Amino acid sequence: MTLLGLIGNPVSHSLSPLMHTCTASKLGLNLRYLTVEVPTAESVGQTLTALHDLGFRGLNVTIPYKEEAARHACKLSGVSELIGAVNVLTRVDDGWEGHNTDHTAVRDAVRERIGEGGFRALVMGAGGSARAVVAALLDSGAEEVIVANRTYSRALELANLFTRSFGAKVVAVPLERARNEAKETKVVVNTIPAGLLKSAELPLDSGDLRDDALLVDLVYGPEGSPMFRLAVSRGLALVDGIEVLARQAAHSFRLWTGIVCDHKSMEAVARFAIRRWHS
Ligand code: NDP
């Protein structure tokens with residue numbers, strides 16, 4: 001039997017077990033996907049060693065341990081080293097190799113919608129997922145990325161990291177500047193938990209967006225997010241958080257099993273579950 005799992009805190013709300021077990025059962029694979037709630041960052045290393053000893057083949061990592069898991073990986077693949085955070089671990093002889101499929105998910109979704117590079121992008125937020133998003137946008141051919149964040153110093157740190165490492169044009173601005181920047185931007189990405197936290201508001205109005213803008217939202221919840229409402233009000237294309245979630249899951253599944261599966265069936269499972277759980 002193939003053992004897979006998810007570590008994080010909390011993990012009980014996660015759609016990952018359902019997406020992976022449905023996919024495995026469709027393919028006739030003998031696979032179990034378990035969730036492991038890890039109480040503190042200090043216990044991440046110990047948990048990873050225990051799961052390796054128990055024979056787990058792969059793991060997902062969710063908030064708040066993506067950075068901690070990267071520190072414990074014996075190897076980091078591709079851009080995950082620069083991002084400094086991993087959401088997937090694959091078993092290797094001497095421990096775990098870390099990958100970032102949040103990056104791959106956003107990169108693929110943007111490439112599919114936009115096709116050509118040379119666009120300008122705005123990212124709201126400068127936390128862990130924003131790093132993966134900026135790398136994904138640069139990989140998709142963005143020629144300039146603006147990072148707007150409540151804590152300006154964090155945006156600046158992120159911008160400097162990518163400017164140094166990629167030689168890319170990544171510019172930090174305070175969150176209040178997002179509205180002006182959006183007017184000149186083709187791709188607008190949200191990583192701020194707007195709609196989930198009462199205190200977090202999306203700093204944009206529908207009039208701030210270009211007619212051909214592509215919106216990308218990492219945040220998802222039971223009800224349409226503020227980005228979803230913006231997209232609907234202007235008839236704009238949207239990559240929502242469930243699509244990103246399903247795409248990263250399909251990439252995780254491939255890394256663990258070698259099997260390429262369509263993210264759309266995982267997306268359908270996740271959308272069905274989220275509707276049922278909250279109806
Ligand atoms: P972090 O905690 O690392 O970053 C959160 C960001 O949101 C920071 O930039 C923070 O700003 C900002 N923020 C938080 N509260 C407020 C507020 N009240 N007002 C303005 N800004 C605020 O989280 P992540 O980047 O890891 O994740 C962000 C979201 O994306 C989460 O909801 C997560 O679940 C989701 N996500 C979804 C994925 C998917 O597959 N769909 C994949 C990865 C993440 P500051 O720096 O000032 O604190």
Side-chain angles (χ1 to χ4, degrees), residues 6-20 41 60-70 80 83-88 99-110 122-137 145-159 161 172-179 189-204 215-228 238-253 263 266-267 269-271 273-274:
L6 168 71
I7 66 162
N9 190 356
V11 288
S12 57
H13 67 289
S14 174
L15 297 165
S16 294
L18 201 61
M19 287 190 293
H20 289 294
N60 277 134
V61 184
T62 189
I63 46 171
Y65 300 135
K66 291 182 183 181
E67 284 92 353
E68 194 62 25
S80 56
I83 296 168
V86 298
N87 67 314
V88 183
H99 313 263
N100 195 305
T101 66
D102 293 337
H103 156 266
T104 328
V106 173
R107 183 200 64 193
D108 291 356
V110 170
L122 167 68
V123 179
M124 292 175 288
S129 64
R131 284 181 175 227
V133 166
V134 172
L137 291 166
V145 181
I146 311 298
V147 180
N149 197 45
R150 175 180 64 176
T151 308
Y152 173 68
S153 58
R154 239 180 143 189
L156 198 57
E157 193 187 321
L158 196 160
L161 172 75
V173 299
L175 193 56
E176 305 76 61
R177 279 270 301 278
R179 293 190 69 164
V189 187
N190 176 48
T191 73
I192 294 172
L196 295 182
L197 289 184
K198 272 205 177 120
S199 63
E201 281 178 23
L202 199 64
L204 294 180
L215 307 189
V216 182
D217 197 4
L218 262 69
V219 174
Y220 61 89
E223 278 148 28
S225 67
M227 281 290 264
F228 171 80
L238 172 73
V239 174
D240 72 359
I242 294 286
E243 178 178 338
V244 176
L245 181 77
R247 283 181 181 272
Q248 68 73 29
H251 282 296
S252 307
F253 197 83
H263 73 87
M266 288 197 169
E267 194 177 320
V269 169
R271 288 195 196 284
I274 210 162

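Both counts, for ligands and for their atoms, begin at 1 and track the order of listing. Position 1 is the first residue of the sequence; numbering continues from there. Just so it is clear, the structure is predicted and the values come from calculations on it, not from any experiment.
The distance from ligand 1 to the heavy atoms of Y220 drops below 4.0 Å at these ligand atoms: 41 (N). Annotation for ligand 1: atoms under 4.0 Å from non-hydrogen atoms of S199 are 18 (N). The contact set between ligand 1 and D102, taken as ligand atoms under 4.0 Å from a residue heavy atom, comprises 42 (C), 43 (C). Within the listing of ligand 1, atoms 7 (O), 13 (N), 14 (C) sit less than 4.0 angstrom from a heavy atom of P193.
In terms of N/O distances under 3.5 Å, ligand 1 is approached by R150. Taking only nitrogen or oxygen atoms, main chain and side chain alike, G241 reaches within less than 3.5 Å of ligand 1. The shortest N or O to N or O distance between R154 and ligand 1 is below 3.5 Å. In terms of polar-atom proximity, E201 is not counted as a contact of ligand 1, lacking any N or O under 3.5 Å from an N or O of the ligand. Residue G125 has no N or O atom closer than 3.5 Å to an N or O atom of ligand 1. In terms of N/O distances under 3.5 Å, ligand 1 is approached by L218. Taking only nitrogen or oxygen atoms, main chain and side chain alike, A126 reaches within less than 3.5 Å of ligand 1.
Ligand 1 lies less than 4.0 angstrom from a heavy atom belonging to K66.
Residues meeting the side chain to side chain contact (heavy atoms under 4.5 Å, CB included) test with A136, sequence neighbours left out: H103, V106, R107.
When all heavy atoms of I83 and R131 are compared, the closest pair comes out as O-CD, 3.2 Å. In plain terms, the two heavy atoms of A194 and P226 that are nearest each other are O-CD, 3.5 Å. Nearest heavy atoms, A155 versus V147: CB-O, 3.8 Å. Pairing each heavy atom of L15 with each of A273, the nearest pair is CD2-CB, 3.8 Å.
Per-atom contact check: atom 23 (O) of ligand 1 does not touch the protein, criterion being a heavy-atom distance below 4.0 Å. Taking a distance limit of 4.0 Å, we find that atom 41 (N) of ligand 1 is approached by some protein heavy atom. Atom 29 (C) of ligand 1 lies below 4.0 Å from at least one non-hydrogen atom of the protein.
Judged by distance alone, the side chain of N190 and the main-chain N or O of D217 form no donor-acceptor pair under 3.5 Å. Side chain of N149 to main chain of A126: a donor-acceptor pair is present (N/O by atom type, distance under 3.5 Å, no hydrogens or angles). Checking side-chain atoms of S225 against main-chain N and O of F228 turns up a donor-acceptor pair under 3.5 Å.
Taking CG of D102 as the start and OG1 of T191 as the end, the distance is 11.0 Å to the nearest 0.5 Å.
Of the protein's heavy atoms, S129 CB, 3.8 Å lies nearest to atom 44 (C) of ligand 1. Of the protein's non-hydrogen atoms, the one nearest atom 33 (C) of ligand 1 is I63 CD1, 4.9 Å. Closest to atom 31 (C) of ligand 1 among all protein heavy atoms lies V219 CG2, 4.6 Å. For atom 11 (O) of ligand 1, the closest non-hydrogen atom on the protein side is N149 OD1, 3.3 Å. Closest to atom 21 (N) of ligand 1, if we only count protein heavy atoms, is I192 CG2, 3.6 Å. Closest to atom 3 (O) of ligand 1 among all protein heavy atoms lies G128 N, 2.9 Å. For atom 4 (O) of ligand 1, the closest heavy atom belonging to the protein is G127 CA, 3.5 Å. If you check which protein heavy atom lies closest to atom 47 (O) of ligand 1, you get T151 OG1, 2.5 Å.
Looking only at side-chain heavy atoms (C-beta outward), E267 and I242 come within less than 4.5 Å of each other. D240 has its side chain within reach of R271: a pair of non-hydrogen atoms, C-beta onward, lies under 4.5 Å apart.
If you run side-chain contact (heavy atoms from CB on, under 4.5 Å) between V239 and each of V244, V110, D108, L218, only V244 comes through. When each of H99, K66, H251, Q248 is checked for a side-chain hydrogen bond (donor to acceptor under 3.5 Å, both in side chains) with N87, only Q248 meets the rule.
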Evaluate the criterion side-chain contact (heavy atoms from CB on, under 4.5 Å) for residue pair I192 and L202; output intermediate values, then yes/no. CA-CA 7 Å; I192 294 172; L202 199 64; 5.6 Å; no
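At a heavy-atom cutoff of 4.0 Å, ligand 1 is contacted by both the backbone and the side chain of L245.
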